[in-house]
Amino acid sequence: MFAAVSAMGFLFVSAGAHQSESSKHDDHKKEKASMIKHEYAEVNGVRLHYATTGKGKLIMFVHGFPEFWYEWKNQLAEFGQEYMAVAPDMRGYNLSSKPAEVDQYQVKYMVEDLRALAEKLGHKKFILVAHDWGGAIAWAFALTHPDYVEKLVIINAPHPGVFARELRDNPAQQKASGYMLMFRSPQAEQTLSANNYGLLVNIVLGEGLKTGAFTEEDKKAYIEAWSQPGALTGGLNYYRAARVGPPSGEGDNKEGASFGVNAPSLVVKVPTLVIWGEKDVALLLGNLDGLDKFVPNLTIKRIPDGSHWVIHEKPALVNGYIREFIKSK
């Protein structure tokens with residue numbers, strides 16, 4: 001918080017005044033958070049839980065692995081002031097349905113989940129914002145339903161065509177994606193849930209707990225979401241259904257590299273903003289090379305000191321980039 005206060009020009013504020021401003025800021029955040037409502041929708045054969053606030057034009061936020069609607073709490077508070085801001089738990093996660101069959105986690109089904117949810121909320125045109133696996137689904141959504149997407153915002157999630165190339169040709173990306181093979185293995189649930197989800201806590205929250213990007217309250221919320229019956233398997237089934245990952249000797253890397261996206265063309269025809277934390281150790285910077293060939297109407301915002309979890313590390317900066325983009329003509 002001190003860095004944020006300094007950036008606003010209050011470098012010489014006394015410690016007591018700083019605490020007062022921080023307290024006011026926290027109270028304001030709590031007030032906004034209290035306005036978030038929790039609803040359920042029966043769509044596309046599943047029951048989706050979603051968090052929502054505000055009214056007007058729809059802006060939908062789609063989380064990745066291993067997160068849930070809570071990933072977007074700062075964005076709901078921010079954009080719910082002007083829009084109907086919605087963040088679903090994707091199928092398999094937290095409080096949403098968790099189909100037992102691995103095939104039910106193919107990208108095409110999640111695409112239709114989002115389309116059906118938007119229509120259930122009364123919208124056939126909306127702004128789509130997504131991260132990680134949510135980004136993979138959002139790319140596929142824009143490719144298959146471009147008429148539904150007013151603007152697309154992708155945060156640290158590779159375009160399927162670019163990622164296919166990187167997994168095929170870039171040894172560094174192949175190495176960085178090795179964890180995907182573990183996630184697809186039968187041992188994944190046991191490995192990730194051991195010691196009260198210690199490995200997941202370290203991967204997602206570890207650095208942020210040290211810097212203040214995450215709180216102990218956040219940690220408790222994540223562990224509770226991961227502990228929902230079937231939730232960890234649901235999230236891992238995204239990897240299994242897409243067979244995504246580096247070459248494994250199983251002859252499946254061609255399909256997996258594209259996240260199972262099945263579209264007649266991989267050219268995205270909607271205005272797109274890509275925000276990228278450059279310190280992402282899982283999805284490397286090569287995923288930005290040549291992206292403009294697949295996305296003609298493209299804006300890229302690089303965040304040099306942001307990691308894969310840049311949404312949590314730099315919420316004000318991320319929100320600013322999103323706002324600037326969606327307000328632009």
Side-chain angles (χ1 to χ4, degrees), residues 54 56-64 67 71-88 111 114 118 123 125-163 166 259 261 263 265-280 282-329:
K57 183 186 294 184
L58 175 63
I59 180 168
M60 190 180 296
F61 297 93
V62 189
H63 69 82
E67 305 205 63
E71 171 177 14
W72 302 105
K73 65 185 190 302
N74 292 317
Q75 286 67 40
L76 290 174
E78 173 76 16
F79 292 95
Q81 299 174 66
E82 298 176 55
Y83 301 89
M84 174 189 281
V86 172
V111 165
L114 295 183
H123 297 267
K125 195 88 171 180
F126 60 98
I127 298 162
L128 183 57
V129 183
H131 172 243
D132 186 74
W133 252 111
I137 294 158
W139 282 122
F141 190 100
L143 288 166
T144 53
H145 298 300
D147 50 321
Y148 278 76
V149 183
E150 181 179 328
K151 289 193 173 180
L152 177 66
V153 180
I154 299 288
I155 304 169
N156 283 72
H159 180 281
V162 176
F163 197 49
E166 290 298 292
F259 289 106
V261 174
S265 167
L266 292 180
V267 176
V268 175
K269 297 176 181 176
V270 302
T272 302
L273 167 66
V274 171
I275 299 172
W276 205 276
E278 292 190 334
K279 290 187 174 180
D280 193 326
L283 299 168
L284 307 183
L285 287 172
N287 286 292
L288 297 179
D289 295 342
L291 182 55
D292 57 338
K293 295 189 178 84
F294 291 100
V295 191
N297 192 344
L298 174 66
T299 302
I300 297 177
K301 296 290 187 181
R302 297 169 177 257
I303 301 179
D305 56 343
S307 76
H308 185 72
W309 315 108
V310 68
I311 294 168
H312 306 288
E313 298 160 348
K314 310 275 186 181
L317 183 59
V318 168
N319 288 352
Y321 285 149
I322 295 172
R323 182 174 295 283
E324 177 186 10
F325 176 69
I326 64 179
K327 292 289 188 184
S328 64
K329 297 298 182 184

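Remember, it's a predicted structure, so these values are computed and weren't measured experimentally. Just so you know, residue 1 is the first one in the sequence shown, and it goes up from there.
Applying the ring pair (Phe, Tyr, Trp, His ring centres under 6.0 Å) test to pairs two or more places apart or on separate chains, those with a residue in residues 310-329 are Phe214-His312. Screening residues 294-314 for salt bridge (Lys or Arg N to Asp or Glu O under 4.0 Å) gives Glu278-Arg302, Asp305-Lys314 as the qualifying pairs, with residues at least two apart or on separate chains. Every pair passing salt bridge (Lys or Arg N to Asp or Glu O under 4.0 Å) that includes a residue from residues 131-152 is listed here, sequence neighbours excluded: Lys57-Glu150. Every pair passing side chain to side chain donor-acceptor pair (under 3.5 Å) that includes a residue from residues 282-292 is listed here, sequence neighbours excluded: Gln173-Asn287.
Within the 3.5 Å criterion, the main-chain N or O of Leu266 finds a donor-acceptor partner in the side chain of His159. Listed for the Asn297 side chain is no donor-acceptor partner under 3.5 Å among the backbone atoms of Val270.
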Next on the checklist: Please determine whether side chain to side chain contact (heavy atoms under 4.5 Å, CB included) holds for the pair Thr272 and Trp139, giving the CA-CA distance in whole Å, both sets of side-chain angles, and the decisive distance to 0.1 Å.
Outcome noted: CA-CA 10 Å; Thr272 302; Trp139 282 122; 4.0 Å; yes

Item to check | Leu291/Val274 under side chain to side chain contact (heavy atoms under 4.5 Å, CB included): CA gap, chis, key distance, verdict | outcome: CA-CA 10 Å; Leu291 182 55; Val274 171; 3.9 Å; yes

Item to check | Residues Val268, Leu143; criterion side chain to side chain contact (heavy atoms under 4.5 Å, CB included); working and verdict | outcome: CA-CA 6 Å; Val268 175; Leu143 288 166; 3.8 Å; yes

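Nearest heavy-atom pair, Ala140 versus Thr144, reported as atom, atom and distance to 0.1 Å: O-OG1, 2.8 Å. Among all heavy-atom pairs drawn from Gly135 and Ala157, the shortest one is CA-CB, 3.6 Å. Here the closest non-hydrogen pair linking Asn156 and Gly277 is OD1-N, 2.7 Å.
Residues meeting the salt bridge (Lys or Arg N to Asp or Glu O under 4.0 Å) test with Glu324, sequence neighbours left out: none. Applying the ring-ring contact (aromatic ring centres under 6.0 Å, His included) test to Trp72 and every residue at least two apart in sequence or in another chain returns Phe61.
Within the model, atoms OG1 of Thr299 and CG of Leu152 stand 11.0 Å from one another, a figure rounded to the nearest 0.5 Å. A distance of 4.5 Å separates CD1 of Ile127 from CD1 of Ile326, quoted to the nearest 0.5 Å. If you take CD on Glu71 and CG on Leu76, they are separated by 10.5 Å, rounding to the nearest 0.5 Å. Between the CD1 atom in Ile154 and the CG atom in Leu273 there is a gap of 9.0 Å [rounded to 0.5 Å]. One finds the CG atom of Leu58 at 5.0 Å from the NE2 atom of His123 (value rounded to the nearest 0.5 Å). In this structure, Ile275 CD1 and Ile303 CD1 are separated by 6.0 Å, a value rounded to the nearest 0.5 Å.
Using a 4.5 Å heavy-atom threshold, the side chains of His131 and Trp309 count as touching. You'll find the side chain of Glu166 stays beyond 4.5 Å of the side chain of Leu284, heavy atoms only. Two residues are said to be in side-chain contact when any heavy atoms from C-beta on lie closer than 4.5 Å; Leu114 and Ile137 meet this criterion. Annotation: side chain of Phe79 is in contact with side chain of Ile322 (closest heavy-atom distance under 4.5 Å). Two residues are said to be in side-chain contact when any heavy atoms from C-beta on lie closer than 4.5 Å; His145 and Val111 meet this criterion. Put simply, the side chain of Pro158 does not reach to within 4.5 Å of the side chain of Leu288, judged on heavy atoms. At a threshold of 4.5 Å between non-hydrogen side-chain atoms, the residues Leu283 and Phe163 count as touching.
Taking 4.0 Å as the cut-off between side-chain N and carboxylate O, Glu78 and Lys73 do not count as a salt-bridged pair.
Aromatic ring centres of Phe126 and Phe141 lie closer together than 6.0 Å.
In the displayed structure, Lys125 atom NZ is contacted under 6.0 Å by more than 12 heavy atoms of other residues, nucleotides or ligands.
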